[in-house]
Amino acid sequence: MSTYNGPYDGKWSKTMVGFGPEDDHFVAELTYNYGVGEYRIGNDFLGLTLQSSQAVSNAKRLNWPLTQVEDSLYLTEAPGGYCFYLIDKEQPDCDPVQKVSLAVSDLQCSIHYWSALLGMKVIEKNEDKKIALMGFSDNQCKLELQDIGGAVDHGTAFGRIAFACPRDQLPDIEALMKKEKQKILTPLVSLDTPGKAMVEVVILADPDGHEICFVGDEAFRQLSAMDPKGNELLDEAMAADKSDEWFAKHNKQKTSA
């Protein structure tokens, strides 16, 4: 069982996808569990926004459902129901992923946690819409917190957001959370990756239970190097996935998480 990658005790794989190197691009980690056929989506993840007229064109060409939200902004859903907002403008030279939006139950409480404790700065705040836009720096993907006026439900498909930072900051992050009596899901731990760098992580949970992982940057840079054969390897892995056939052969069904 891997508690770092999720509460999974069966065969699983993960793929990192993004528009560029993790040094300066937001990257999504897609985890695939071979024995799970369906997840219950909660209200915790409100969407990912990216700027790319090419993405809009691709969706239209492939007849992927698009809903126009406002001028030059479209909403679409990835398989499984995850929301993506596409800004119909030329893709920038930097990372086109603009922001990740999470639901919170108390905006002021969440702003305090992410700014006063974790060190993010508040870039924008809209009291009427109960939204705050935050970030560690101006040139990185932003975090948007939206007060939904009720409890945050993580469903069974919850994930976590991760940040790389200098390794020597990890003990200080853990110590601060202990001092402030905040939830620490995984105290500072070293994760052995055979044949590769050993990374150190601390995993926290904010007031609404959003999981936050801080990873030592020095070792992580070695693990996150782009693989020039990444797309080829992914295609091969998907073609080799015979899990549906295996379950059918054994008269079994994949479970619903």
Side-chain angles (χ1 to χ4, degrees), residues 2 4-6 8 10-39 41 45 47-66 74-101 139-142 157-164 191 193-199 201 213 215 217-247 254:
S2 174
Y4 172 63
N5 290 290
Y8 312 126
K11 183 181 178 183
W12 58 273
S13 64
K14 70 177 182 180
T15 304
M16 312 302 288
V17 297
F19 288 89
E22 291 185 65
D23 281 353
D24 50 13
H25 286 75
F26 175 87
V27 174
E29 177 180 302
L30 308 180
T31 303
Y32 174 59
N33 295 283
Y34 291 79
V36 179
E38 184 180 10
Y39 292 95
I41 302 296
F45 177 71
L48 184 150
T49 300
L50 63 93
Q51 179 178 316
S52 173
S53 56
Q54 184 63 55
V56 175
S57 298
N58 291 342
K60 291 179 178 178
R61 176 173 53 84
L62 297 171
N63 294 318
W64 198 265
L66 285 176
Y74 293 86
L75 168 64
T76 188
E77 286 190 1
Y82 299 102
C83 292
F84 280 72
Y85 290 90
L86 308 180
I87 301 173
D88 192 9
K89 295 181 180 179
E90 184 177 355
Q91 185 171 312
D93 294 331
C94 56
D95 191 356
V97 181
Q98 305 290 297
K99 62 183 178 182
V100 175
S101 301
N139 61 349
Q140 290 181 335
C141 173
K142 304 303 185 296
F158 62 91
R160 64 168 63 106
I161 191 164
F163 303 95
L191 301 174
T193 307
K196 297 183 179 180
M198 180 179 291
V199 297
V201 304
C213 179
V215 185
D217 183 63
E218 295 83 350
F220 178 70
R221 284 177 182 267
Q222 298 180 40
L223 289 181
S224 62
M226 287 184 65
D227 189 334
K229 295 184 177 180
N231 287 337
E232 178 183 335
L233 292 172
L234 177 58
D235 289 340
E236 291 176 356
M238 289 191 294
D241 175 22
K242 307 296 183 181
S243 58
D244 287 335
E245 296 177 16
W246 188 93
F247 275 84
K254 292 185 176 181

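Values in this document were obtained by computation on a predicted structure and should not be read as measured data.
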How far does [atom1] of [X] sit from [atom2] of [Y], to the nearest 0.5 angstrom?
X      : Y      : atom1 : atom2 : result
Phe163 : Phe220 : CZ    : CZ    : 12.0 Å
Lys60  : Thr76  : NZ    : OG1   : 12.0 Å
Met16  : His25  : CE    : NE2   : 14.0 Å
Cys213 : Ile161 : SG    : CD1   : 11.0 Å
Gln51  : Leu86  : CD    : CG    : 11.0 Å
Asp217 : Asp23  : CG    : CG    : 7.0 Å

Problem - Pairwise side-chain contact, Ile87 with Leu50, heavy-atom cut-off 4.5 Å (strictly under) - result: no
Handout entry: Sub-4.5 Å side-chain heavy-atom contact between Ser13 and Tyr34
Key = yes
Donor-acceptor list for residues 229-238 side chains, cut-off 3.5 Å, not counting sequence neighbours:
none

With a cut-off of 3.5 Å and sequence neighbours excluded, list every side-chain donor-acceptor pair involving residues 91-100.
residue, atom, partner, partner atom, Å
Gln91, OE1, Ser52, OG, 3.2
Asp95, OD1, Val97, N, 3.1
Asp95, OD2, Phe26, N, 2.5
Gln98, NE2, Pro96, O, 3.2
Lys99, NZ, Glu144, OE2, 2.8

Practice task
Step through it carefully: locate the ring centre of Tyr82, locate the ring centre of Phe84, and say whether they are under 6.0 Å apart.
Solution key: no
Practice task
Take Asp244 and Lys254 through the test side chain to side chain contact (heavy atoms under 4.5 Å, CB included) and record every step on the way to the result.
Solution key: CA-CA 8 Å; Asp244 287 335; Lys254 292 185 176 181; 3.0 Å; yes
Nearest heavy-atom pair of [X] and [Y]: which atoms, and what distance?
X      : Y      : result
Val199 : Ala219 : CG1-CB, 3.8 Å
Ala157 : Tyr39  : CB-CB, 3.6 Å
Thr31  : Glu29  : OG1-OE2, 3.6 Å

Problem - Atom NZ of Lys89: over 12 foreign heavy atoms under 6.0 Å - result: no
Handout entry: Glu90: partners by side chain to side chain donor-acceptor pair (under 3.5 Å), with sequence neighbours left out
Key = none
Exercise for the section: Output yes when a side-chain donor or acceptor of Trp64 lies under 3.5 Å from a complementary backbone atom of Glu77, and no otherwise. Expected result: yes
